[in-house]
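Only this structure's heavy atoms are used, side chains among them; waters, hydrogens and symmetry mates stay out.
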Amino acid sequence: MPAHNGARRMVTLKIPGELYDKLGDLIDGTGFRSVTEFATWVLRDVAAGGKFHEPPPGLQPQELEAIRARLRALGYIE
């Protein structure tokens, strides 16, 4: 892995446009400011084995569980 000068390295993750649009609809009215912010949170949650106990800012625990249930139903997480 290349050395960094303290800056956070960012990469581009490509997803289907239809999924991007659905995620945009899913986060409408939540505390997420963008699909990228939401996707980053979900991927961190998945990488942590779904062990995040604190919902992200602006979401109530029941809203978070509804999002997880919806993502499970869509087959994006287990």
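At most 12 non-hydrogen atoms from other residues, nucleotides or ligands lie less than 6.0 angstrom from CZ of Arg70. Annotation for Gln62: atom CD counts as buried by contact number, over 12 foreign heavy atoms lying within 6.0 Å.
Pairing each heavy atom of Leu23 with each of Phe38, the nearest pair is CD2-CE2, 3.7 Å.
We find the NZ-CD1 distance between Lys22 and Ile15 to be 11.5 Å, quoted to the nearest 0.5 Å.
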